[in-house]
J.: 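Quick one: structure below, then a few questions.
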Amino acid sequence: AQSVSQHNHHVILSEAASLELGCNYSYGGTVNLFWYVQYPGQHLQLLLKYFSGDPLVKGIKGFEAEFIKSKFSFNLRKPSVQWSDTAEYFCAVSPPWGNTGKLIFGQGTTLQVKP
Amino acid sequence: DGGITQSPKYLFRKEGQNVTLSCEQNLNHDAMYWYRQDPGQGLRLIYYSQIVNDFQKGDIAEGYSVSREKKESFPLTVTSAQKNPTAFYLCASSTRSRSSNYGYTFGSGTRLTVV
């Protein structure tokens, strides 16, 4: 079945460590890609998105993601995490068919940053 | 300020009861969505609506119903047919056009518990 997969369900890091969260999707064709973050007790909010152009996308709070079409991947990275990055992270894909605007989400990754 | 309002924040349902979750937006967005969030499963699409008086089933529509009588409102009814309704429910809205990058805005969610 077509889907979005996040490899890591729970990641624990110390402050200043580097972060990479994996995301793979199985849709062919042109897709739009997103990373959302949900801080404890807060709304889901957009970190970054990719539609076209430079496959290295920069988002808010120092996050970036790289789209590798040949690998169907859109991994999220941050060179040095902070305690305030503790949150749940969701990768999402807007499939290529139709114009529905619906997003398909991955299972989510809980990031815990230790001070 | 523009945004999405979900109410109530917490809802308790007895076995066999139907309950309705409210979602209102003042963003003038055409499209609205209902997602269900469960630990380890990410967000799964229940129903979505691209325009008033029209809606489509998502991946897990069984046991749920919706209506879209007004652009601003997209209430979700969790019926007694839904076998495992305890979850966190998120409403979202977006612009409809792919060219406008599907800016999703999420509500703060309703946590439904069956008692």
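Throughout, protein chains are lettered first and strands after them, A, B, ... in sequence-line order, and every chain is numbered starting at 1.
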J.: How about A/N24 and A/K71: does a side-chain donor come under 3.5 Å of a side-chain acceptor?
T.: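 There is no such pair between these side chains.
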
J.: Return the CE to CD distance between B/M32 and B/Q25, rounded to the nearest 0.5 Å.
T.: 4.5 Å

J.: Less than 3.5 Å apart, which donor and acceptor atoms pair up between the side chains of residues 78-86 of chain A and the rest of the protein, not counting sequence neighbours?
T.:
unit_1: A/K78; atom_1: NZ; unit_2: A/K61; atom_2: O; d: 2.9
unit_1: A/K78; atom_1: NZ; unit_2: A/D85; atom_2: OD1; d: 3.1
unit_1: A/K78; atom_1: NZ; unit_2: A/D85; atom_2: OD2; d: 2.9
unit_1: A/D85; atom_1: OD2; unit_2: A/Q82; atom_2: N; d: 2.8
unit_1: A/T86; atom_1: OG1; unit_2: A/W83; atom_2: O; d: 3.0
unit_1: A/T86; atom_1: OG1; unit_2: A/V113; atom_2: N; d: 3.0

J.: Considering only heavy atoms, which portion of A/L46 lies under 4.5 Å from any heavy atom of chain B: side chain, backbone, both, or neither?
T.: neither

J.: Identify the heavy atoms of B/Q6 and B/W34 that sit nearest to each other, and give their distance.
T.: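 Taking every non-hydrogen atom into account, NE2-CZ3, 3.4 Å.
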
J.: Rounded to the nearest 0.5 Å, what separation is found between the CD atom of B/E24 and the CG atom of B/N26?
T.: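 Those atoms lie 9.5 Å apart.
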
J.: Less than 4.5 Å to any heavy atom of chain B: does that hold for the side chain of A/Q38, its backbone, both, or neither?
T.: side chain

J.: Quick one: closest heavy-atom pair of B/C91 and B/I4, and the distance?
T.: O-CD1, 4.2 Å

J.: What orientation do A/Y36 and A/F105 show, parallel under 30°, tilted 30 to 60°, or perpendicular over 60°?
T.: tilted

J.: So which part of B/L45 gets closer than 4.5 Å to some heavy atom of chain A, the side chain, the backbone, both or neither?
T.: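 Side chain only.
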
J.: A quick test of your reading: do over 12 heavy atoms of other residues, nucleotides or ligands sit less than 6.0 Å from CD of A/E20?
T.: yes

J.: Examine whether an atom of B/D59 lies under 4.5 Å from a heavy atom of chain A, and if so say whether it belongs to the side chain, the backbone or both; otherwise answer neither.
T.: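 When you check distances to chain A, only side chain atoms of B/D59 fall under 4.5 Å.
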
J.: Is A/Y39 close to A/Q45 at the side-chain level, that is, under 4.5 Å between some pair of heavy atoms?
T.: yes

J.: A/Q42 versus chain B, heavy atoms under 4.5 Å apart: side chain, backbone, both or neither?
T.: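 A/Q42 has no heavy atom closer than 4.5 Å to chain B.
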
J.: Only heavy atoms, only distances under 4.5 angstrom. Which residues in residues 106-115 of chain B are near chain A?
T.: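 B/F106, B/G107, B/S108, listed by number.
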
J.: With a 4.5 angstrom heavy-atom cut-off, could you sort out which part of B/Q56 is near chain A: side chain, backbone, both or neither?
T.: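 The answer is neither part of B/Q56.
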
